[in-house]
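Written below as structure tokens is the structure these notes are about.
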Amino acid sequence: MKRSRILSLLLSGALLAGVLGGCGTSDPQAGTGSSGAASTPDENVTATLTYWDTSDYADLESNLILATAIEKFNEKYPNVTIDVVSKGRVEDLYSALSIAFSAGNGPDLFWSNVGEVMSDYVKNGYLMDLSDLSDSLGWEDVFYSSALANQMTLWDGIYAVPKAQKVLGIYYNKSIYQQFGFEVPATEEEFIDQCETLLAAGITPIGNAGKYAACTNRWFDAYLDVNGGTELHDQLLSGEAAINCDAVVQSFEDMAGMVKYFQNGYLAQEESETTMALVSGDICFTFDGSWVYYDIQNAGGNVEDYGFFVFTGASEPRADTYGDGVFASADTEHPELVKYFLECYSSAECYQASFESTGAITVARYDVIDQAGLDSLNQDILAALNAPGGAYMPSNEMAWPSRLSDLLLEYIDQVALGEVTPADAAASLDETAASIGFYK
């Protein structure tokens, strides 16, 4: 990716321990492990590339992007084995990666979320910089802009081939909207007015799965984008601006007013419970991710009966997005084979296979999506992924380390209860950020 162009877009608001060791047998290829152009290995080379993933994604029958990439890769290199290894749940994978890195025996390739969890590996040079590969293959023209912009915000470079890009926004029950004559709000004030109307009518406006920090913190993130603006918000996410600032204080104040619209006992609520409440009409709104599209169906709902919009307030509201992707070891013994595999993985053919099978518009290559065949809810979600204001990353364990995001949830609750002032909450978060070395 052309860094100056992406950084310019970010600033203008147009967008949202050890050493990795190579695995496998040796091969007679040349290469330094950089992401630039290099000589192509002999097509008869024999080698093994190790690929780690979670148990869900290691299943090639369901992970069609990976399965198609392997098939495409083996057309050129039939004697190179891609050894797909399941490492269990996400947290198990991350633990295995940490152990492997510290032992100098990490995988050639692996899946991970694109977030703070990979920042130390990037900082210490353990991962292959794919910026030149991204430029040469034109990734900025085919992937959701936020899939690359988030990496630039975190690492000032591209280190993963995007796989999927999720978007967070507000789902609403169309039946309730019709009952009260509501329209999708254009401003924060209109949204609050709708919540007040619902509350007065005895309807709980918002279902919030507060058992998980991310579900409450994303409301704070949305207010931070409104109160701080694009540039400051991105700086706060990347540790380039002090958390103890007016925008953070104001966002705590706004959250104290927002929680009165949440259901009683929201801090103990499961995500599945809020989705069921949305489908049953017990609530009108929930701020959740693009995966809830499928949860609505599993709860017996018709997706045509629900809409989705980006939290409003800014003149050009940005979407809250994050994604995942495939990373590579900087010290793999087979750098050119790895880069060719990533080239295959990033091809339209792989994402097309996934989209045609699942219909999921969150595949990171938006150019394979057949927009004409989308239902109304997916059209809304796609519009959010392409929000005119761009996108920002969630703070919760994506841009911020877990210690900060967990503390944020505590202070949101304490400020709402009047136990801590917004100013004190901002100051304490700032002190913690400094103490853990978050600031750049």
Check: [X] ring centroid to [Y] ring centroid under 6.0 Å:
X    : Y    : answer
F220 : F252 : yes
Y340 : Y77  : yes
Y306 : Y172 : no
Y171 : Y293 : no

Note, [X] side chain near [Y] side chain (heavy atom, < 4.5 Å):
X    : Y    : answer
P107 : Y51  : no
F110 : M118 : yes
L154 : M393 : yes
V363 : V368 : yes
L374 : I369 : yes
I283 : N173 : no
I361 : I381 : yes
W52  : L109 : no

Backbone N or O of [Y] within a donor-acceptor pair of the [X] side chain at under 3.5 Å?
X    : Y    : value
S95  : E91  : no
S354 : Y351 : no
T332 : S329 : no
S238 : D234 : yes
N227 : Y223 : yes
Q151 : A160 : yes
S405 : S402 : yes
E270 : K211 : no
S62  : D59  : yes
D320 : L168 : no

Taking only Lys NZ, Arg NE, NH1 and NH2, and the carboxylate oxygens of Asp or Glu, determine whether [X] and [Y] approach each other closer than 4.0 Å.
X    : Y    : answer
E336 : K339 : yes
R365 : D141 : no
D92  : K87  : no
R218 : D288 : yes

Can a donor-acceptor pair be found between the side chains of [X] and [Y] at a distance below 3.5 Å?
X    : Y    : result
E140 : S134 : no
S280 : D282 : yes
Q263 : Q269 : yes

Approximate separation, where rounding is to 0.5 Å, of [X] [atom1] and [Y] [atom2]:
X    : Y    : atom1 : atom2 : answer
T54  : R89  : OG1   : CZ    : 10.0 Å
W400 : L407 : CH2   : CG    : 9.0 Å
R318 : F311 : CZ    : CZ    : 14.0 Å
E271 : N208 : CD    : CG    : 10.0 Å
E71  : C350 : CD    : SG    : 9.0 Å
C284 : Y177 : SG    : OH    : 6.0 Å

Margin query: Applying the ring pair (Phe, Tyr, Trp, His ring centres under 6.0 Å) criterion to F285, which one of F262, Y261, F191 satisfies it?
Written below: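 Of the listed residues F262, Y261, F191, the ring pair (Phe, Tyr, Trp, His ring centres under 6.0 Å) partner of F285 is F191.
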
Note to self: Quick one, D324 with K166, criterion salt bridge (charged side-chain N to carboxylate O under 4.0 Å, His left out). Give me CA distance, side-chain angles, the key distance, then yes/no.
What the structure shows: CA-CA 9 Å; D324 55 28; K166 293 91 169 175; 2.8 Å; yes

Next item on the list: Go through W219 and M255 one step at a time and tell me if the side chain to side chain contact (heavy atoms under 4.5 Å, CB included) criterion holds.
Entry: CA-CA 7 Å; W219 288 96; M255 279 300 300; 3.5 Å; yes

Next item on the list: Please work out whether the ring planes of Y392 and H233 are parallel, tilted or perpendicular, with thresholds of 30° and 60°.
Entry: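 Taking H233 first and then Y392, their aromatic rings sit tilted (interplane angle of 30° to 60°).
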
Next item on the list: Indicate the ring-plane relationship of Y126 and Y121, choosing parallel, tilted or perpendicular according to the 30° and 60° boundaries.
Entry: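 Rings of Y126 and Y121: tilted, 30 to 60°.
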
Nearest heavy atoms of [X] and [Y], plus distance in Å:
X    : Y    : value
A353 : T68  : CB-OG1, 3.6 Å
C344 : A69  : CB-O, 3.9 Å
D375 : L377 : OD1-N, 3.1 Å

Note to self: My understanding is that only one of T216, D221, D406, N217 makes a side chain to side chain donor-acceptor pair (under 3.5 Å) with N396; could you say which?
What the structure shows: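 Among T216, D221, D406, N217, the one that satisfies the side chain to side chain donor-acceptor pair (under 3.5 Å) with N396 is N217.
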
Next item on the list: Begin with the C-alpha distance, continue with both residues' side-chain angles, and end with the deciding distance and a verdict on side chain to side chain contact (heavy atoms under 4.5 Å, CB included) for L429 and L408.
Entry: CA-CA 7 Å; L429 273 179; L408 173 61; 4.0 Å; yes

Item checked: Criterion side chain to side chain contact (heavy atoms under 4.5 Å, CB included) on I436 and L404, from CA distance to verdict -> CA-CA 9 Å; I436 64 176; L404 268 186; 4.1 Å; yes

Checklist line | Candidates Y144, F355, F143 - the one meeting side-chain contact (heavy atoms from CB on, under 4.5 Å) with Y366 | finding: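 That would be Y144.
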
Checklist line | side chain to side chain contact (heavy atoms under 4.5 Å, CB included) between L382 and N386, intermediate numbers included | finding: CA-CA 6 Å; L382 182 63; N386 292 310; 3.8 Å; yes

Notebook entry, point to check: Above 12 or not: heavy atoms from other molecules or residues under 6.0 Å from CE of M276?
Noted result: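 For M276, atom CE is not crowded (no more than 12 foreign heavy atoms under 6.0 Å).
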
Notebook entry, point to check: Checking K163 against Y57: charged group under 6.0 Å from the ring centre and within 45 degrees of the axis?
Noted result: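 The answer is yes; both the distance and angle limits are met.
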
